[in-house]
Number of protein chains: 4
Amino acid sequence: MSNTARPTKDRLILAAATLFRTRGYHGVGLADVLADAKAPKGSLYHHFPNGKSDLAIAAATWASDEMLRLIAASFDGAETFEAGATTLCFKLAKLFDKTGWDTCPIAATLFEGPDSTEMRDHASHIYEGWIAEVLDHAGRLGLTESDAKTKAEHLFVLIQGGWMLARARRSSDVLRTLTSQL
Amino acid sequence: MSNTARPTKDRLILAAATLFRTRGYHGVGLADVLADAKAPKGSLYHHFPNGKSDLAIAAATWASDEMLRLIAASFDGAETFEAGATTLCFKLAKLFDKTGWDTCPIAATLFEGPDSTEMRDHASHIYEGWIAEVLDHAGRLGLTESDAKTKAEHLFVLIQGGWMLARARRSSDVLRTLTSQL
Amino acid sequence: MSNTARPTKDRLILAAATLFRTRGYHGVGLADVLADAKAPKGSLYHHFPNGKSDLAIAAATWASDEMLRLIAASFDGAETFEAGATTLCFKLAKLFDKTGWDTCPIAATLFEGPDSTEMRDHASHIYEGWIAEVLDHAGRLGLTESDAKTKAEHLFVLIQGGWMLARARRSSDVLRTLTSQL
Amino acid sequence: MSNTARPTKDRLILAAATLFRTRGYHGVGLADVLADAKAPKGSLYHHFPNGKSDLAIAAATWASDEMLRLIAASFDGAETFEAGATTLCFKLAKLFDKTGWDTCPIAATLFEGPDSTEMRDHASHIYEGWIAEVLDHAGRLGLTESDAKTKAEHLFVLIQGGWMLARARRSSDVLRTLTSQL
DNA sequence: CATGAATGAGGCTTCATTCAT
DNA sequence: TATGAATGAAGCCTCATTCAT
C-alpha cells in the first residue's frame, strides 16, 4: 500500500531489464543498474536479498510480462492465427527499430552467469508461458489441438531465430517476413 | 613457424571456444582459459596482442569453421535440399546431446562484451557465411535462386530458434522436428 | 515491564553470547544474531541503543554470570581449595565437550572490535570478579590472605591457558590435569 | 634468488602480523594491511592466491618464528629449566611493555575467521612446535622425559593465561611472577 | 620469442546504523 | 514501544592488462 517503497524497487527492475537485455547478465555491473535507477547502493539487497540473480529473475519476469501483453495485443483482434502471428512479428520489428529490442530479453538475462538451476528453470517457465499464451489464441481461432501446438512452437522458434538474424544484420527486415513460413 | 608456438595458440583457441560457448564472453575469465589451455600466463598477449577480444574472434572463427564442415558433411551426399537440411539438424541434435553444443557459439562469443563494431561485424560475416554455404548447396540441388535464398535463410532462422528452445527445455527433441516446417 | 519485551531482549543476549564466544566480536554480524534470536530487525536498537557494543557488553555479562555460578557450584561443597579448583576444571572440561565452551567467552567478546575503553574496562572488571569469587572461597577454606590471592590468580591463569591449549588440541584433556600444578 | 619479489611479500606479512595480533583476524581489513605495507591492491593476490587466509597463515608463521627465537634466546644460556623459563617470561613482559605484544599472536590470527580446518591445524602445529622447542631445552637441562613434558606444557599454559590477565590489567606484572608457580 | 610478476580498477556482497512510521 | 525499510561505507576478491626480463 505504501507508495514510497514501490518506485525504488520498480526503478531497479526497469533499469536492470534494460541493461541485461542489451549487454547480458555478466556484461552489466550492479553499479550501472544502481546509477540508472538512481537508487542508493544499499537498497538493492534490501529489495533483492539474493542480489544480482534475484534482480535478474525479476527483470526477466518483467520483460516476459511485456512480451505477454504484446502477444495478447496482437492476437486479440485477429481473425486468423496467421494474422495474429504476423501482427506480433511486425510489432516486434517496430520495437526493434524504435527501442533496441534486438534480442530475446530472457535469453540475455537468464542464460548466462552462474548456471543456476533456478535461473534456467525460470527461463524455461517463461518460454513455455509464451507458447501457452499463443496456443490459447490458436485454439480460440479454430486450430485443432495438435495443429495449434505445432504452430505455437513454430512461431516461437521463428521469432527467436529471427531476433538472432535481425541483430546480426542490424535490420528488422527479417522479422517482417517471418510468418510467410508458417 | 616454430612448432612449439602453434600448439599453444591452438590450445588457447580451443579452450576459449569451449568456454565462450558455454558461459558467454563476459562469463569467462582469461584465467580460466589459460588454465584450461595449460598455457603460461604471459603467452596470451604474445599470440593475441589485443587480448580477450582477439581471442574471442579467433574462437568464433574456429567454431564457425566447425559449423561449415557440418553443413558440408550434411549436404554433400544429400539428394534434396530437405534431406540435407534434415541431416544437418540431426547432426546438431547429436552434438547437443553429446557435447553440449546447446547454443550458437557465435552469439555467445561475439554478441556480448564491449559492443565493438569489429566483433559485431565479424558475427554478421560469419552468419552470412553459413547462409551462403547452404545457399550453394540449394542451388546445386536444383532450387531456383529466389527459392534457395528464402530457404537458406529460413533454415538459419529455424536452427537458431531451435537452439534456443532446446536449451530451455534441456532436450534436443525440437531440433529433430525443425525441418518439417520447411 | 511488559512481558513481551523481556523475552526478546533475553533471546538477543543469549544468541549474541553464543555467537560472540564462537566467532569473536568482528566475526559475528548483527544479522546472524537477529536471525538466531528470531528477533525483528529494528528491535535491536530499541533494547541496545548503542548497538553492537552494548550487545557485546550484555552478552559478556551474561556469560560471566554463568561462570560465576560455575565457580560457586564447584567450591560450595568443597572441603579444600584444591578440591574446589579441580571440580571447576572438570566442569569446564565437560562444558568443552558438550557445548563447545572452548574459549573464554569474555576474551572472544570484548577483546576485539573497536578497542573502546568501555569494553576493555568491562572485561577487566569481569575477570577481577571471577578472581574475587575464587578468593572468597579460598579464604573460607582456610588459606591465608596472601596465599589465597596467589592461588586465585594462579587458577585463573591456568584456566585461561588451558582453554587455549584445549582449543588447539580439540581435546578437553588438558583442562582435567590443570590443578595438579597448584 | 630475485631480490625484487621478496620485499613486497615480506612487507605484506609484517604488516599483517602486526595488525592481526592487535585487532584479530576479522578486525583487520585488507585495505589496512595494504596501506601499512605500502603495497598496491592487486599484489596481495599475486603473492597469496587464497587471499586473506593465506596471508593470515603466513603472518602466524612469521610470528611463530619470532617466538621460537625468543625461546631459544632465553634457554640457550640458562643453567636450569626454571632460569630459562623465567628469562622467557621476562622477555615477554618487556615486549608487552615496549611493543604491545599483549596477546598470543597465533590465537588472534588463526582462531577467528572462517573456522577453516587449515587454519586451526596450523595453529595447533605452531603451538606444538613451541612446546617441543621448550621440551628440547628441558631435556638438555637434565629433566626426566616425563617431567620435561609436564613442565613444557605447564609453561605454555602459564604464558597463555598470563597474556590474558596482563592484557586485561594493562600491566605486564603478572608475566614476571609466572614462573614462581613452576 | 616467451614469460610470470605486478597493477589498480572494478566486481558483488555484507555491514552497522538511522529513520519514518 | 516497536518495527522493517533505507542507506552508503567498507568488506574481500577477480579482472584484463602491462611490463621487465
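Remember, predicted model here, so these are calculated numbers, not experimental data. Residue numbers begin at 1 in each chain, while the letters A, B, ... track the order of the sequences.
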*Asks:* On the six-membered ring of A:Phe20, is A:Lys52 placed so that its NZ or CZ lies under 6.0 angstrom from the centre and within 45° of the ring axis?
*Replies:*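 The answer is no, since A:Lys52 fails at least one limit relative to A:Phe20.
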
*Asks:* Within this structure, what is the NE2-to-P distance between A:His46 and E:dA16, rounded to whole angstrom?
*Replies:*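 Value for this atom pair: 17 Å.
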
*Asks:* Round to the nearest Å and state the distance from B:Arg11 atom CZ to E:dA2 atom P.
*Replies:*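 Rounded to whole Å, this separation is 12 Å.
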
*Asks:* When C:Ile57 is tested against each of C:Thr109, C:Leu110, C:Asn50, C:Ile126 for side chain to side chain contact (heavy atoms under 4.5 Å, CB included), which residue passes?
*Replies:*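 Testing each of C:Thr109, C:Leu110, C:Asn50, C:Ile126 against C:Ile57, the sole residue satisfying side chain to side chain contact (heavy atoms under 4.5 Å, CB included) is C:Leu110.
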
*Asks:* Using a 4.0 Å cut-off on protein heavy atoms (strictly under), produce a 5'-to-3' string for nucleotides 12-21 of chain F with B for base contact, S for backbone-only sugar-phosphate contact, and - for none.
*Replies:* SBB-SBB---

*Asks:* To the side chain of A:His47, which of F:dA6, E:dT7, E:dA5 is closest?
*Replies:*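 Among F:dA6, E:dT7, E:dA5, the one nearest the side chain of A:His47 is F:dA6.
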
*Asks:* Is a side-chain N or O of B:Ser43 found less than 3.5 angstrom from the main chain of B:His46, in a donor-acceptor match?
*Replies:*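 Looks like no, no N/O pair under 3.5 Å.
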
*Asks:* Could you tell me how far apart A:Phe48 (CZ) and F:dA6 (P) are, to the nearest whole angstrom?
*Replies:*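 One finds 11 Å between P of F:dA6 and CZ of A:Phe48, rounded.
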
*Asks:* Could you check which of F:dG8, E:dA5, F:dT3 has an atom nearest any side-chain atom of A:Pro40?
*Replies:*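 Of the options given, the side chain of A:Pro40 lies nearest F:dG8.
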
*Asks:* Is any side-chain heavy atom of C:Phe111 closer than 4.5 Å to a side-chain heavy atom of D:Asp102?
*Replies:*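 Not touching, per the 4.5 Å side-chain cut-off.
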
*Asks:* Separation of C:Leu44 atom CG from F:dT1 atom P, in whole Å?
*Replies:*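 Interatomic distance, CG of C:Leu44 to P of F:dT1: 17 Å.
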
*Asks:* According to a 3.5 Å limit on both distances, what stems of 3 or more consecutive Watson-Crick or G-U pairs are formed with DNA chain E?
*Replies:*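 Correct response: E:2-21 with F:2-21.
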
*Asks:* Expressed in angstrom and rounded to an integer, what is the separation of B:Lys38 atom NZ from E:dT3 atom P?
*Replies:*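 B:Lys38 atom NZ is separated from E:dT3 atom P by 15 Å.
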
*Asks:* Side chains of A:Asp10 and A:Leu14: does their closest heavy-atom pair fall under 4.5 Å?
*Replies:*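 Not touching, per the 4.5 Å side-chain cut-off.
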
*Asks:* Could you tell me whether the side chain of C:Leu34 reaches within less than 4.5 Å of the side chain of C:Pro40, counting heavy atoms only?
*Replies:*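 No, every pair of side-chain atoms sits at 4.5 Å or beyond.
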
*Asks:* Mind checking whether C:Leu30 and C:Lys41 have side chains closer than 4.5 Å, heavy atoms only?
*Replies:*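 A side-chain contact is absent here, since even the closest heavy-atom pair is not under 4.5 Å.
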
*Asks:* Whole-Å distance between E:dA2 P and B:Lys9 NZ?
*Replies:*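 Atom NZ in B:Lys9 sits about 11 Å away from atom P in E:dA2.
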
*Asks:* Determine which pairs satisfy side chain to side chain donor-acceptor pair (under 3.5 Å) with at least one residue from residues 13-38 of chain D, sequence neighbours left out, and list them in order.
*Replies:*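 Qualifying pairs: D:Arg23-D:Asp32.
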
*Asks:* Under 4.5 Å between any side-chain heavy atoms of C:Asp54 and C:His47, yes or no?
*Replies:*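 C:Asp54 vs C:His47: side chains apart.
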
